[in-house]
Amino acid sequence: DGKSIGILLRGQYYREKALKEEDNEKAAKILLKAITLFKKIPDSDGMILKKLELEFLKRKLMENKDIKSKPDAKLFLRRANLFKETGKMKGYHQDMSLFHMFSALEKFTKVEDQEILNHAEQMLEHAKKGEQPELILKTESLYHEIKAQHVFTPKERAEELQKALEAINKTSDKFGKDTTETEYLMTRAMMTGNTDKRNLLLKR
């Protein structure tokens with residue numbers, strides 16, 4: 001009827017306005033108005049609302065990036081489920097990988113080692129299924145760095161850190177290389193009995 005058409009047009013207006021808005025915080029607020037309006041219109045499969053919420057979550061995550069704050073892992077989980085419901089399986093796996101990544105980082109000092117390792121394994125598994133090369137490399141490096149913190153010998157730690165470095169070196173920005181390389185060299189130094197060789201490793 002006329003009332004539903006009016007609500008639909010207003011909702012579409014806010015959606016279009018949000019898409020043109022460059023400020024992510026403002027765009028998210030405008031999208032909430034659109035979502036509120038579209039909820040008043042019967043939608044047999046809910047697809048319109050799901051797509052709107054995906055746009056909203058995208059802006060919320062970009063807003064966090066703008067202010068350089070750590071995103072809530074639950075935002076990635078919610079978006080992953082929406083991707084799955086809308087048939088976008090690569091997006092689902094990519095966001096599930098990010099969910100497990102941030103869950104592992106958030107709980108690094110709060111939970112038992114096995115829970116962190118479980119998140120790390122799920123992170124890498126979903127990243128591979130998401131088929132986004134850069135994400136796969138970054139999760140591989142983080143996976144091996146996490147494993148390096150949970151092994152029992154310096155040799156195993158060095159092996160994991162070496163694998164992490166190999167993955168980092170293949171990324172576009174090589175983010176975290178200096179820190180990981182330092183950890184690797186220090187671990188190697190701990191394994192070296194020869195004083196001269198140990199000092200050489202520590203100076204590199």
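None of the values given here were measured: they were computed from a predicted structure. All heavy atoms count here, side chains included; hydrogens, waters and symmetry mates do not.
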(request) List the atom of I146, the atom of H150, and the distance in Å for their closest heavy-atom pair. (result) O-ND1, 2.7 Å

(request) May I have the step-by-step check of salt bridge (charged side-chain N to carboxylate O under 4.0 Å, His left out) for R78 and E53, ending in yes or no? (result) CA-CA 10 Å; R78 176 57 185 159; E53 190 175 351; 2.9 Å; yes

(request) Please lay out, stage by stage, how K26 and K29 fare under the test side chain to side chain contact (heavy atoms under 4.5 Å, CB included). (result) CA-CA 5 Å; K26 290 180 181 178; K29 290 178 180 178; 5.8 Å; no

(request) Applying side chain to side chain contact (heavy atoms under 4.5 Å, CB included), run through M96 and Q122 and close with a yes or a no. (result) CA-CA 8 Å; M96 283 302 294; Q122 289 291 313; over 6 Å; no

(request) Report yes or no: does T180 contribute a side-chain atom to a donor-acceptor pair with the main-chain N or O of K177 at less than 3.5 Å? (result) no

(request) Quick one: pull up CG in N169 and OG in S141 and give me the separation to the nearest 0.5 Å. (result) 10.0 Å

(request) Please report the closest heavy-atom contact between E55 and L19, naming both atoms and the distance. (result) OE1-CD2, 3.8 Å

(request) Provide the closest heavy-atom pair for L61 versus P71 in the form atom of the first, atom of the second, distance. (result) CD2-CB, 3.8 Å

(request) State, with a plain yes or no, whether a side-chain heavy atom of Y14 is found less than 4.5 Å away from one of L37. (result) yes

(request) Report yes or no: is the cationic atom of K88 (NZ for Lys, CZ for Arg) under 6.0 Å from the centre of the six-membered ring of F83, at an angle within 45° of the ring normal? (result) no

(request) To the nearest 0.5 angstrom, please state how far the CG atom of L82 sits from the OH atom of Y92. (result) 12.5 Å

(request) Among K138, Q94, H93, find the residue that satisfies the side-chain contact (heavy atoms from CB on, under 4.5 Å) test when tested with Q132. (result) Q94

(request) Determine yes or no for a side-chain-to-main-chain donor-acceptor pair under 3.5 angstrom, with E156 supplying the side chain and V151 the backbone. (result) no

(request) Output the distance between atom CG (L98) and atom CG (L77), rounded to the nearest 0.5 Å. (result) 11.5 Å

(request) For D72 and L75, indicate whether the former's side chain and the latter's backbone hold a donor-acceptor pair under 3.5 Å. (result) no

(request) Could you list the residues that satisfy side-chain contact (heavy atoms from CB on, under 4.5 Å) with E121, not counting sequence neighbours? (result) N118, Y143

(request) Measure from the side-chain N and O atoms of T171 to the backbone N and O of I168, and report whether any donor-acceptor pair falls under 3.5 Å. (result) yes

(message) Check this for me, if you would: do K50 and E85 make a salt bridge, where the nitrogen-to-carboxylate-oxygen distance has to be below 4.0 angstrom?
(response) yes

(request) Treat each ILVMFWY residue as a node, draw an edge where side-chain heavy atoms are under 4.5 Å apart, and state whether L142 and L137 are in one component. (result) no

(message) If I take atom CD from residue Q149 and atom CG from residue L117, how far apart are they, to the nearest 0.5 angstrom?
(response) 10.5 Å

(request) May I ask you to say whether K163 pairs ionically with E159, meaning some side-chain N is under 4.0 Å from a carboxylate O? (result) no

(request) Report the distance from atom CE of M101 to atom CE of M123, rounding to the nearest 0.5 Å. (result) 5.5 Å

(request) Specify the closest pair of heavy atoms between A34 and G11, including all atoms of both residues, with the distance to one decimal. (result) CB-O, 3.6 Å

(message) Nearest 0.5 Å, please: how far is OG in S97 from CD in E125?
(response) 10.0 Å

(message) If you count heavy atoms of other groups shown closer than 6.0 angstrom to NZ of K174, is the number above 12?
(response) yes

(request) Could you tell me whether E25 and R59 make a salt bridge, using a distance below 4.0 angstrom between a side-chain N and a carboxylate O? (result) no

(request) On the 0 to 90° scale, with breaks at 30° and 60°, tag the F76-F102 ring pair as parallel, tilted or perpendicular. (result) parallel

(message) Less than 4.0 angstrom from a charged side-chain N to a carboxylate O is my criterion; do E183 and R157 meet it?
(response) yes

(message) Quick check against the 3.5 Å criterion: does T139 have a side-chain atom that pairs as donor or acceptor with the backbone of L135?
(response) yes

(message) If I compare all heavy atoms of A164 with all of E145, which pair ends up nearest, and what's the gap?
(response) CB-CG, 3.7 Å

(request) Evaluate the criterion side chain to side chain contact (heavy atoms under 4.5 Å, CB included) for residue pair K129 and K90; output intermediate values, then yes/no. (result) CA-CA 7 Å; K129 291 179 180 178; K90 286 186 181 180; over 6 Å; no

(message) Can you confirm whether I5 sits close enough to L9 that some side-chain heavy atom of one is under 4.5 Å from a side-chain heavy atom of the other?
(response) yes

(message) Using the rule that Ile, Leu, Val, Met, Phe, Trp and Tyr join whenever any side-chain heavy atoms are under 4.5 Å apart, tell me whether Y184 and F175 fall into a single cluster.
(response) no

(message) Count I, L, V, M, F, W, Y as connected when their side-chain heavy atoms are under 4.5 Å apart, and connections chain through other members. Are M89 and I136 then in the same cluster?
(response) no

(request) State, to 0.1 Å, how close A18 and L31 come at their nearest heavy-atom pair, and which atoms those are. (result) CB-CG, 3.5 Å

(message) Under a 4.0 Å threshold between the charged nitrogen and the carboxylate oxygen, would K84 count as salt-bridged to D95?
(response) no

